[in-house]
Every structure is written in structure tokens, then in C-alpha cells.
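Structure incoming, see below.
Each ligand, and each atom within it, is numbered from 1 in the order the structure gives. Just so it is clear, the model here is predicted, and its values are computed rather than measured.
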Amino acid sequence: MLKADSRQPTAILPIAIFAGSRKQRKMKIDVIALFPEIIAPALKTGILKRAHDANILAVNLYNLRDWTTDKHKSVDDYPYGGGAGMILKPEPIFAAVKALNPEETANVVYLTPQGIPLTQGFAESLSLESHLILLCGRYKGVDERVREKIVTTEVSIGDYVLSGGEIAALVLIDAIGRVLPGALGDYESAHIDSFSQELLDHPHYTRPAEFAERHVPEVLLSGHHENIEKWRYAEALKRTAKHRPDLLQRLELSEEDIAILKEAGL
Ligand code: ADE
């Protein structure tokens, strides 16, 4: 089976490379889960529905139980060596992946808290694939031979433990689906948003200009585009310094940036 070493740090893709590969294409995502019904409703609304209707994204949900062969349709068993919790048996998973990936060309992604942390750059690089198989764990996770022989990439959506991989898979599908070319009406709006520029997003306002005793910053009403861009950049920089200083550490700050932060007492 295809087995790439996926345990390398996944750098944020340079935007120029990502932008250069934005030809219209179709992506297929097969999901193998014990509770696919958790995911189904979210595919019927918003951007994921639009991507499906525009023939950009096909998400197929499969129940792992359909690949069991015993009369109880068992998917789990006790761990060798003892201990609490059940383990997902390897046989149904091997059979499911074999059926869905006969050519062994798909990237088989296992959702697990032990995986590579999901970032915008990671989602964007996965969005360049044409076929993903998402494997959702439950209980204590999968038999290790599934990871050794079938799984090509392990993804975590954060340092916490969910009761199963379905919600994590949905998060991944959403993050991928919205960056597929044509999924958003206006591609720009996906690509200049928070994290795509490696800074948190700046504040946004809409009408009315005064509300809850707070006035919209004058510069945004000025019509002076250069000043508006400068203000937005400075606010994004300050917000990132306040809430996510770890992100700033990866960037090379200019003298102007440092002056902005200093003036704000950051
Ligand atoms: N399954 C359970 N917790 C998870 C997490 N944090 N990320 C991905 N898959 C998971």
C-alpha cells in the first residue's frame, strides 16, 4: 500500500505556489466512520453544498460496519495486554480502504489527536490532492497495523480529545472545501482572510457608524484606501501580538512593524 512518510513538519505553503495551482479541478473525499450521520447535515449547507453543486467536491460517507463479515457486525475488540477501552479491528478498515482505493493512489488520512496539527497551510496543501480517504477513529483508536500499512497522513485538529474522529473529519473537509478553486464566490475573500496571511484578521465594521456607544474608526469612513490598508495591517499586527504572539515569532518584523507594536505597548 502507498505509504509516504507523513510525519514531517508541514510548512505553511508559500502563497505564490498555492495560487499558481488554482486550476478548476474536482476533489473526491471518502469518509469511513462509525457515525457518518454526524457529518452528513453539514454537507447540505453553505460553501460545502455550493462546492458539491458546482461539481468541485464530492464527499462520500461510508459506515465502517458495512465492511464487517460477522453476524454481530463487530468493529472493535479488547486490547492485547489489557487495559481500558476498545480498539477498532484492522480487518474492516483494511477491507474498506481496499474497496475505496484499489489503485492505492489516495492519501489515507487518519484523524487522531496524535496527528500533525491542522493549520491553514496544511489544509491548503491537502486541497491540492484529488482523492482523500478520511478514516475516523472511535474508542481507543485503531489497531496499530492500520497506521503502519494503510494510513499515509495523520491529522489532529487540536490538543484535546474528541469522542471520535467524525467532527475532526468535518473540520478538515470544511477547511479544504472552502479553498478549492470556485468554492467561494470570491476567491480573494478566502485567501486574504485570517491565517492565510499569517496574521490574525483585522477588525471589521458595518453600518451603523455609531452603535452601543461605540463609533466606527474614522479612517474607515474616510475613503482613503491607502490609510485604510495601513490601519488594517496595524490592527492585524497588534491583534496577533496580543492573542497569538507565537505566530509573530515566525515572521520577520520590519522596523515599522516594531514601531507599531511599541506604540501600542506590545
Ligand atoms: N479524534 C479525537 N480527537 C481528535 C483530535 N483532536 N483531532 C483529530 N481527531 C481526533
Side-chain angles (χ1 to χ4, degrees), residues 2-13 27-43 47-48 57 59-65 67 74-79 83-90 92-94 96-97 100-101 106-129 131-179 194-195 243-244 246-247:
L2 176 85
K3 184 85 183 109
D5 178 12
S6 54
R7 291 210 154 267
Q8 295 160 8
T10 309
I12 291 189
L13 266 192
M27 180 171 204
K28 177 163 85 164
I29 304 182
D30 294 324
V31 185
I32 303 169
L34 274 177
F35 299 103
E37 63 273 21
I38 294 175
I39 301 170
L43 305 176
I47 288 167
L48 291 179
L57 175 65
V59 180
N60 306 309
L61 303 179
Y62 296 96
N63 195 317
L64 181 62
R65 259 183 229 288
W67 279 280
S74 358
V75 288
D76 57 345
D77 207 340
Y78 295 97
M86 300 294 274
I87 311 298
L88 286 179
K89 290 158 65 63
I93 299 175
F94 270 62
V97 172
L100 299 175
N101 189 28
N107 191 347
V108 182
V109 179
Y110 176 46
L111 284 307
T112 166
Q114 295 134 42
I116 297 167
L118 182 62
T119 60
Q120 184 65 29
F122 195 4
E124 288 177 5
S125 61
L126 288 172
S127 79
L128 302 175
E129 308 251 352
H131 185 195
L132 294 179
I133 295 179
L134 307 188
L135 176 60
C136 303
R138 277 267 149 188
Y139 319 123
K140 283 272 167 196
V142 295
D143 182 285
E144 193 63 19
R145 287 159 294 188
V146 170
R147 298 170 110 149
E148 289 168 357
K149 294 278 210 171
I150 293 183
V151 170
T152 47
T153 307
E154 300 192 4
V155 175
S156 164
I157 64 157
D159 288 339
Y160 41 80
V161 181
L162 301 167
S163 46
E166 287 85 354
I167 292 171
L170 181 54
V171 168
L172 183 59
I173 294 167
D174 191 272
I176 289 173
R178 66 187 292 283
V179 295
S194 193
F195 283 109
H243 298 302
R244 294 292 306 276
D246 57 305
L247 291 178

Please determine if A168 has a nitrogen or oxygen closer than 3.5 Å to a nitrogen or oxygen of ligand 1.
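No.
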
Using a 4.0 Å cut-off to any heavy atom of L111, which atoms of ligand 1 qualify?
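Reading through ligand 1 atom by atom, the close ones are 8 (C), 9 (N).
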
Any side-chain heavy atom of E166 sitting closer than 4.5 Å to one from L111?
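They are not in side-chain contact.
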
For atom 7 (N) of ligand 1, what is the nearest protein heavy atom, given as residue, atom name and distance?
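Of the protein heavy atoms, I157 N, 3.0 Å lies nearest.
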
Contact check: L162 vs ligand 1, nitrogen or oxygen atoms, below 3.5 angstrom:
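N/O-N/O distance below 3.5 Å exists for this pair.
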
At what distance, to the nearest 0.5 angstrom, does NZ of K140 lie from CE of M86?
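Interatomic distance, K140 NZ to M86 CE, rounded to 0.5 Å: 12.5 Å.
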
For ligand 1, the portion of T112 having any non-hydrogen atom under 4.0 Å away
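The answer is the backbone.
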
Which protein non-hydrogen atom lies closest to atom 6 (N) of ligand 1, naming both residue and atom, and how far is it?
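So the nearest neighbour among protein heavy atoms is Y160 O, 2.8 Å.
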
Looking at OG of S127 and CD1 of I173, how far apart are the two atoms once the value is rounded to the nearest 0.5 Å?
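Reported value, rounded in 0.5 Å steps: 13.5 Å.
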
Sub-3.5 Å donor-acceptor pair from the side chain of T152 to the main-chain atoms of V108, do we have one?
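Here the side-chain-to-backbone pair exists.
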
Less than 4.5 Å apart, any side-chain heavy atom of D174 and any of R178?
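Yes - at least one pair of side-chain heavy atoms lies under 4.5 Å apart.
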
Enter the distance from I150:CD1 to I133:CD1 here, rounded to the nearest 0.5 Å.
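Going from CD1 on I150 over to CD1 on I133, the span is 9.0 Å.
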
Check ligand 1 against V155 and write out every atom of the ligand that is under 4.0 Å from a heavy-atom position of the residue.
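Counting atoms of ligand 1 from 1, those under 4.0 Å from V155 are 8 (C).
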
Starting from atom 10 (C) of ligand 1, find the nearest protein heavy-atom neighbour and note its residue, name and distance.
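Of the protein heavy atoms, P113 CD, 3.7 Å lies nearest.
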
Whether A169 lies under 4.0 Å from ligand 1, heavy atom:
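Contact absent.
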
Minimum side-chain heavy-atom gap D76-R138 below 4.5 Å:
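Side chain of D76 against side chain of R138, heavy atoms only: no contact under 4.5 Å found.
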
